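Worth saying up front: this structure is predicted, and the values here are computed from it rather than measured. Every chain is numbered from 1 and lettered A, B, ... according to where its sequence line falls, protein lines coming before strand lines.
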Amino acid sequence: MYNHLEIEKKWQNYWDENKSFEAVNGSTKPKYYILIEFPYPSGTGLHIGHPRSYTALDSLARKRRMQGYNVLFPMGWDAFGLPAENYAIKNKIHPKEAVKENIGTFKNQLKNLGISFDWSREFATTDPEYYKWTQWQFLKFYEHGLAYKDKKAINWCVSCKVGLSNEEVERGHCERCGGEVVKKEKEQWMLKMRSYADKLIEGLDETDFIDRVKTAQINWIGKSEGAEIKFSIDGTNDNLVVFTTRPDTIYGVTFMVIAPEHPILEKLKDKITNYDEVIDYQIEASKKSEFERIEISKEKTGVKLEGINAINPITNEKIPVYISDYVMMGYGTGSIMAVPAHDGRDYEFARKFNIPIIEVIKGGNIEKEAYIGDGEMVNSDILNGITNKKEAIEKINSHLENLGIGKKTVNYRLQDWVFSRQRFWGEPIPMIYCDDCGWVPVPESDLPVLLPDVAEYEPTDNGESPLANIPEWYTVPCPKCGKSARRETDTMPNWAGSSWYWLRYMDPHNKDEFVSREALEYWGKVDWYNGGMEHATRHLLYARFWHRFLYDIGLVPTKEPFSIRTAHGMVLGEDGEKISKSKGNGINPNEIVSEYGADTLRLYEMFMGDYEIDTAWSTNGLKGCRRFLDKLWRIQEKVVDGASFSPNLEVSIHKTIKKVSDDIENMKYNTAISALMTLLNEYEKQNSITKADLRVFITLLNPIAPHITEEINELQSLGESLCESSWPVHDESKTIEDTFEMVVQVNGKVRGKVKMPTNVSNKEMEECALSIDNIKKYVEGKDIVKLIVIPNKLVNIVIK
RNA sequence: GCCAGUGUGGCGGAAUUGGUAGACGCGCCAGACUCAAAAUCUGGUGGUGGCAACAUCAUGUCGGUUCAAGUCCGACCACUGGUACCA
C-alpha cells in the first residue's frame, strides 16, 4: 500500500512549480493542440463523467510531450448561462460571484486529478476581457451583413421566458428546463447560418471527425434538392410557389395545401368566401404548441379555401386549395403541391376530404395507400413511359424552366441562428437603437459593453430581458447623431462564448487583438478535439460556422477549426442508468480521489470499457485498478541494477511498447491498460527485474497514472522525471517470439495444438499436424481434399 | 417513420480486421498464510456430458458465402440516442 494523498499532492506541486505543462508560442518543436470542451462550472462540482474525457486527452497530451511536441492543452470556463442566473435570482447575489466560487471548486478538483492543463492560459467566457472580443466579432457579423434583426415566430420557452434556437429545442421542450416550447412572434437578432449550409457540409471533407459526428451534422443541415414551381391563383395575379423534391409527379397534383400562417391568405381575404372559417382554423393552429402539432394531430385537419382555385401550370386544370397545419411555414415556401397517389400525408388528407387521387407512377395500389416507390410514369403526358426517376425529374425540370414556371432549387433544414436571449447573464449585444438612425453598432472603442451590477435578475413577464428594467444602463447617446437612444437589452446565447474560445487560448492575454496573427499561424488548427455527442449538432456546428466566417473575412488562416473530433461515452451509474439526482445513483469524484487516489480513478475510467461507448460505473472495478497499482508498488522489491531489459522479458516488453503506443493513438485505453496488466503479471513471476524493465513500464503507464509512476521513478533513481523523458520506441524485430502454438483444425474445427518454432516451413507444419494422435483419429480412412496452412498460425485439414 | 449506435460468460469488456471466441479486470469457488478476520499469494471458473483424454452446444434471430464467420452478405428482432407531417 502506498500513500496516494501524499504522493499525488507532491507531484502536483512539482508540476506547478516547474511549469511542466506550459505551452510556448513560437517554439521550434512541432506543435500539437489538444482541446476538450470547456465545462460549464456548475455549483455541484465535477461530474464523475468529466474525468473520462479529461484523462483520455490528458494521457494523449502527456504522451505527445514525451514524443517531443510543444503541446497546447488549455482549460477555461464556459460560464454564462441560465443555471448561474437562476442561482443568482434565488440567492440574490450577482451571478459573477457564484461563477467565481464554482470555478474555484472545479479548478481545485481538476488539479487534484493531475490533469496536465496549461493553467497560465485559463479564462472564462464571462471575463470582460474575453467577452469584449465576442462582442467585437458580433460586430463583424453585422458589418458583413450576416447579423440582422427580424420579427419571426421563434421557439419560446414558457418557463424560462426566453427565445431558443432550433438546436436548443428537444422534442418540443426546452433542453435546459424541459418546459413547454411555443411559437412566439418576436424581434430577434439572427445570424445567417443558413447561407453557410453548403460550406458547412463541404468543410467536413477537411476534417477527421468520427463518422457518426459527420453524419449527425449532415442530417441536421438537411440539404434537399428539388424545384420551386409557380402555381397561379385563378382569376388573380397572385401566385403560390411550392417547393418539391418530386417535380416529376406534377401530373398527379390534385390539390394544394398552404400553411395556416401563410401571408397570401390576408391578401386573398376578399375572394375567400369562408374567410371566417379560415380565421378560426388559424387561431386553433396557433394555440397548439409545436409539441402538440407533432404528437397529437395524427388525424389530418384543414379548411378548404372556398371561392378560389389554383391552376396546375402544366395541365391547366383548376385545383382546390386548402390550409392545414401539416404544412409548416418554416420549411420550404410554406405551401405544397399535393400528390396524394405518391405521398403518405397527401394521401391521408385526400381520403379525408374526398379529393381525387391520380396515379402517375405504376407499381402500387392507390386504392389502399400512397405508393412511394419507383416505377413507370403514367398519366403524365411528356413523361409517360419513363422508368428512371432521375431522368423524369430532369426532363420535367427543363420543361418547367422553359415555360418559366419552375426552377431547380435547394432547401435546407438548417435555419438561421436565433441569437437573442431575453436574459441577464450573457454577453450584451453591442447594438444601439436610435429613432433617427435605426440600429447603430457600438463603436469598437467602446467595447466591452459591460453588464451592470444590479440586485434583480428576474426576466420580465412581457418577455423582455432584465436589462430592460434598467434605464440608466440602456439609455445612451446615439453613437451616430448623439440623440438619446436605447441599447439592445437582449443578450447573446450561451453558445456565443464557446464559438471561438479555442482561438483565444492561442494568445489569451492579448489586449489589442482577439488573437494575434502569429499565434494563429503558429498553432493552426486544433489537432484533436474531444467532446460529447450531444454537441454534434449544437456547439460543434455553431463553432464551425463562426470559424468559417472569420476565415472568409480574413481573420483566421484555416477554413476549419478542428482536425480530429472524437466523442466519449457517458459514465452511467452502478445500476446502468444515466446518473441523475432523482435516481440517487451519483458518484462523488472527491470521495473517490481521497479514498483511492487520482491515479486509481484515472486508470479505472480508462479501463472501464470502450472510450466511445457508455459504460456503467463499478466500485469493484475501481478497486481492481487500485490493486493493480498496489502490485506495481510492491514490484519495487524485485528491482536490481541493470541498464537493459531482462532477456526473458524482452519480447513482452517490446510487444507492450507497441501495443500501448498504438492503443493510445486510437483511444483504446482499455486494451492498453490490459496489456500493461499482463506485462506486470509477467514481471511478478520473475525473481528479479532490472531497473530498465521497471523504467519502461512506468513510462508507458505514466500518461494514465502520472503520480505513482513519477514517485517510483524517483524512489528507484531510474532517471529524470517522466514528464521530461522520452516516449519509448519498440524494436519490431524483438517483438517476435521464437515459438508459436500451431492450431490444427479438421474441417474448420480445432482438434489439436502443438508448439512449433517460429517460421518453420509450411511442409513441416503439415507433417507435424498429421502426426498428432488426435488428428490421425479424424483423418484415418478419409480423403484429404485440401490442406490450408497459415504460416505461424494454423493448419486446416479438409477431409471427405 | 427516417438516421446513427449497440447486442459476446454471473458482470465490465477483449478478439491482431476472415484464422484458437471469452484477453484483461470484477465477481464467485477451493487452497495457503492467520487463533481469527482483512490484506496478500496459488489454483479453478461459458453451458452440457465425462474420473480424464475428449466430445458437444454457444457471440440477438433466421438464412447465405467460405476450408474457416463474433467478424463478410441478405432478411429480421430488441435496446439506446438523435430527428420528424421537411413537401
Check every strand shown and say whether [X] touches a base, only sugar-phosphate, or nothing at a heavy-atom separation below 4.0 Å.
| X | value |
| --- | --- |
| A:R751 | sugar-phosphate |
| A:D346 | nothing |
| A:G222 | nothing |
| A:Q745 | base |
| A:K623 | nothing |
| A:D630 | nothing |
| A:D343 | nothing |
| A:R212 | sugar-phosphate |

Among [options], which nucleotide sits nearest the side chain of [X]?
| X | options | answer |
| --- | --- | --- |
| A:M328 | B:A87, B:A55, B:G25 | B:A87 |
| A:Y331 | B:A55, B:G25, B:C86 | B:C86 |
| A:R413 | B:C86, B:A87, B:A4 | B:C86 |
| A:N681 | B:C24, B:A55, B:U40 | B:C24 |
| A:N620 | B:C26, B:A87, B:A14 | B:C26 |
| A:T215 | B:C57, B:C86, B:A4 | B:A4 |
| A:K793 | B:U6, B:C67, B:U16 | B:U16 |
| A:E741 | B:A87, B:U20, B:C54 | B:U20 |
| A:R345 | B:C86, B:G25, B:C54 | B:C86 |
| A:F243 | B:A87, B:G12, B:A15 | B:A87 |

Checking only heavy atoms, does the side chain of A:K300 share a donor-acceptor pair with the base of B:C85 at less than 3.5 Å?
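Yes, a donor-acceptor pair under 3.5 Å.
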Is A:N796 side chain donor-acceptor paired with the B:C67 base, going by distance under 3.5 Å alone?
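A donor-acceptor contact between them is present.
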What's the shortest heavy-atom distance between A:A341 and A:I358, and which atoms?
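Heavy-atom minimum between the residues: CB-O, 3.1 Å.
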What is the minimum heavy-atom distance between A:S771 and A:C768, and which atoms define it?
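Closest approach of A:S771 to A:C768, heavy atoms only: OG-O, 2.7 Å.
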I want to check one thing: is the phosphate of [N], taken as OP1 and OP2, less than 4.0 Å away from some side-chain N or O of [X]?
| X | N | answer |
| --- | --- | --- |
| A:K668 | B:A15 | yes |
| A:K214 | B:C3 | no |
| A:T615 | B:G13 | yes |
| A:N670 | B:G12 | no |
| A:Y778 | B:C54 | no |
| A:R627 | B:A39 | no |

Answer with yes or no whether the side chains of [Y] and [X] bring together a donor and an acceptor at under 3.5 Å.
| X | Y | result |
| --- | --- | --- |
| A:D610 | A:Y669 | no |
| A:E682 | A:S652 | yes |
| A:N620 | A:S618 | no |

Measuring only the [atom1] atom in each nucleotide, how far is [N] from [M]? A whole number of Å is fine.
| N | M | atom1 | answer |
| --- | --- | --- | --- |
| B:C86 | B:G5 | C1' | 24 Å |
| B:A87 | B:U16 | C1' | 50 Å |
| B:G25 | B:C79 | C1' | 26 Å |
| B:U45 | B:U8 | P | 23 Å |
| B:A37 | B:G44 | C1' | 24 Å |
| B:A23 | B:G46 | C1' | 15 Å |

Rounded to whole Å, the CZ-P distance (A:F740 to B:U20) equals 13 Å
For A:F628, the option from A:T600, A:N681, A:L701 that meets side chain to side chain contact (heavy atoms under 4.5 Å, CB included)
A:L701
Under 3.5 Å on both distances, the Watson-Crick or G-U partner of B:C54
B:G49
What I'd like to find out is whether the side chain of A:T254 reaches to under 4.5 Å of the side chain of A:I357, using heavy atoms alone.
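Of all side-chain heavy-atom pairs linking A:I357 with A:T254, none is under 4.5 Å.
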Between A:D211 and A:I797, who's closer to the 5' end of RNA chain B by nearest nucleotide?
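Mapping each residue to its closest nucleotide by heavy atoms, the 5'-most match is A:D211.
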